[in-house]
Each structure stands twice: as structure tokens, then as C-alpha cells.
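For reference, the structure is listed below as C-alpha cells.
Positions are given from 1, in the same order as the sequence printed here. All values below were derived from every heavy atom in this structure, side-chain atoms included, with hydrogens, water molecules and symmetry-related copies excluded. All of these numbers come straight from a predicted model, not from anything done at the bench.
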Amino acid sequence: AKKLFQWAFENYSYRKIVDTTTMIYELPVTLSANADYVTLLPEKPVELFLPNDADIASEVTLQWRILSGSAEAPVGEGDIAGILLVRHNGVLVSTVNLVTKGGVSRSTFLYILSVLEGIVTNGWFLLGVCILFVGTVWYIVTKAKRRGRRQAALAYRNRPRTSRSSGSIRRYK
């Protein structure tokens, strides 16, 4: 047993795969005037017990899954934004949360523009604008028709009239 332990300690050791300063991904950030992205780092270091002669570059693969395609500011430092999957020869050996490095503040102006864009592109808002437009056109057309009828009635009332007498027709020589 002693020789077996000695052989194991001579031929195997813990090897650092990633630490908490290894940049894994740059996540795009919206609604911020200060930064376009935030860096994602592993929440804790990953060490594997591997043979000393193992080639980490070819045997260990890192894959990550991001929770969202982008983050909306404000983003706090240490927010979980994804998962890091560590595989050794295709076998999943560790999973670690990916957290944000540093925080990103939100721009008030960009936030207000985003809210307005959400309102303007809302289907109900567009329906209301269409109804308002159709109602305004209908009101203008109706008002124009009434004005035309009124003017025609006034013109009819104010037309020059010829006088007709009820007597006989006179002829002039």
C-alpha cells in the first residue's frame, strides 16, 4: 500500500485548470454609457487530479453557457451570468458559475429611450395611433362636407331672385 501511495503521489498531482482571474467571456451590456461589455470569470478556481504527464491543452476542454445573450445595465459585481463546464477527455468533471467582474452602471438617458421605444413599438400603442388617425381624418372629412352643405345653402338663400308678378304679361312696343 505504501508503494502504491508513493507511485500515485509521484505520478499524479492537482493541476490548476482555471483560476478566478481567467477571463472566459465578454458579455455585451446594454443601457450603459460607460461600458459595452462586462468580463465573466469563474466563481472559484478549478483544479483536477491528473497524471503529471497529461497534456492539459489537448485533454481538458472548457465550454460555457451564458444565461442571456446580453446583460441590461445596471450589472453588479459578482452577478451570475453563466456556467463553465470543464471536461477531461470528454467526461464532465466540474461545473463552475461564471460571474461578472466589476459593475456597470445604467445610463438614465438610454434607459428612458429604451422605455419610450418599448411604448412606441407596443402593438396597443400602434393600434391607438391608427384609430386616432382614422378618427381625425373622418372628423376633417365630415366637417368639410358640413361646411360645403352650409355654404351651398347660404348661396341658395342669397341668390339673386327675379320678381314675377301674378298679373298679365305686358308687351312693350
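- Between Leu62 and Ile17 the shortest side-chain heavy-atom distance falls below 4.5 Å.
- Applying the ring-ring contact (aromatic ring centres under 6.0 Å, His included) criterion to Tyr111, with sequence neighbours excluded, gives no partner residue.
- Residue Trp124 is not grouped with residue Ile119 when hydrophobic side chains (ILVMFWY) are merged at heavy-atom distances under 4.5 angstrom, including chains of intermediate members.
- The two residues Glu43 and Thr20 make their nearest non-hydrogen contact at O-CG2, 3.7 Å.
- Note that CZ of Phe9 is 10.0 Å distant from CG of Leu4, once rounded to the nearest 0.5 Å.
- Taking the side chain to side chain contact (heavy atoms under 4.5 Å, CB included) definition, one finds that Arg146 meets it with Thr142, Arg150, sequence neighbours left out.
- Using a 4.5 Å heavy-atom threshold, the side chains of Val93 and Val46 count as separate.
- For the pair Ser32 (side chain) and Ser105 (backbone), a donor-acceptor distance under 3.5 Å is present.
- If you check the side chains of Thr21 and Asp19, you find a donor sitting under 3.5 Å from an acceptor.
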Show your working on side-chain contact (heavy atoms from CB on, under 4.5 Å) between Lys2 and Phe5 and close with a plain yes or no.
CA-CA 5 Å; Lys2 181 179 177 183; Phe5 275 117; 5.9 Å; no
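- Here the closest heavy-atom approach between residue Leu41 and residue Met23 is recorded as CD2-CA, 3.6 Å.
- Distance check, rounded to the nearest 0.5 Å: CD1 of Ile112 to CD of Glu117 gives 14.0 Å.
- With a 4.5 Å cut-off on side-chain heavy atoms, Leu40 and Thr100 count as touching.
- Residues Val96 and Val60 share a single hydrophobic cluster, defined by chaining ILVMFWY side chains whose heavy atoms lie under 4.5 Å apart.
- In this structure, Asn11 CG and Asp53 CG are separated by 7.5 Å, a value rounded to the nearest 0.5 Å.
- Other residues, nucleotides and ligands contribute more than 12 heavy atoms inside 6.0 Å of the CG atom of Asn34.
- Formation of a donor-acceptor pair under 3.5 Å by the Arg157 side chain with backbone atoms of Leu154 is not found in this model.
- Counting heavy atoms from C-beta outward, Leu27 and Val29 have side chains that stay 4.5 Å or more apart.
- To the nearest 0.5 Å, atom SG of residue Cys130 and atom CZ of residue Phe125 are 10.0 Å apart.
- Note that the CG atom of Asn97 and the NZ atom of Lys44 stand 8.0 Å from one another [nearest 0.5 Å].
- The structure places CG of Asp55 at 11.0 Å from CG of Leu50, a figure rounded to the nearest 0.5 Å.
- Leu113 and Val104 end up in different hydrophobic clusters when Ile, Leu, Val, Met, Phe, Trp and Tyr side chains are linked at under 4.5 Å.
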Cut-off 3.5 Å, no hydrogens considered: what does the side-chain donor-acceptor table look like for residues 68-90, sequence neighbours left out?
unit_1: Ser68; atom_1: OG; unit_2: Ser70; atom_2: O; d: 2.9
unit_1: Asp79; atom_1: OD2; unit_2: Gly76; atom_2: N; d: 2.8
unit_1: Arg87; atom_1: NE; unit_2: Gln63; atom_2: OE1; d: 2.9
unit_1: His88; atom_1: NE2; unit_2: Glu59; atom_2: OE1; d: 3.1

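- Counted within 6.0 Å of CZ on Phe49, heavy atoms from surrounding residues, nucleotides or ligands total more than 12; the atom is thus considered enclosed.
- Under a hydrophobic clustering in which Ile, Leu, Val, Met, Phe, Trp and Tyr are joined whenever their side-chain heavy atoms come within less than 4.5 Å, directly or via other members, Leu48 and Tyr12 fall into different clusters.
- Note: the hydrophobic cluster containing Phe109 also contains Val115 (ILVMFWY, side chain heavy atoms under 4.5 Å, direct or indirect links).
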I would like to know whether Leu110 and Leu31 meet side-chain contact (heavy atoms from CB on, under 4.5 Å); could you show each step before the answer?
CA-CA 5 Å; Leu110 292 176; Leu31 302 182; 4.3 Å; yes
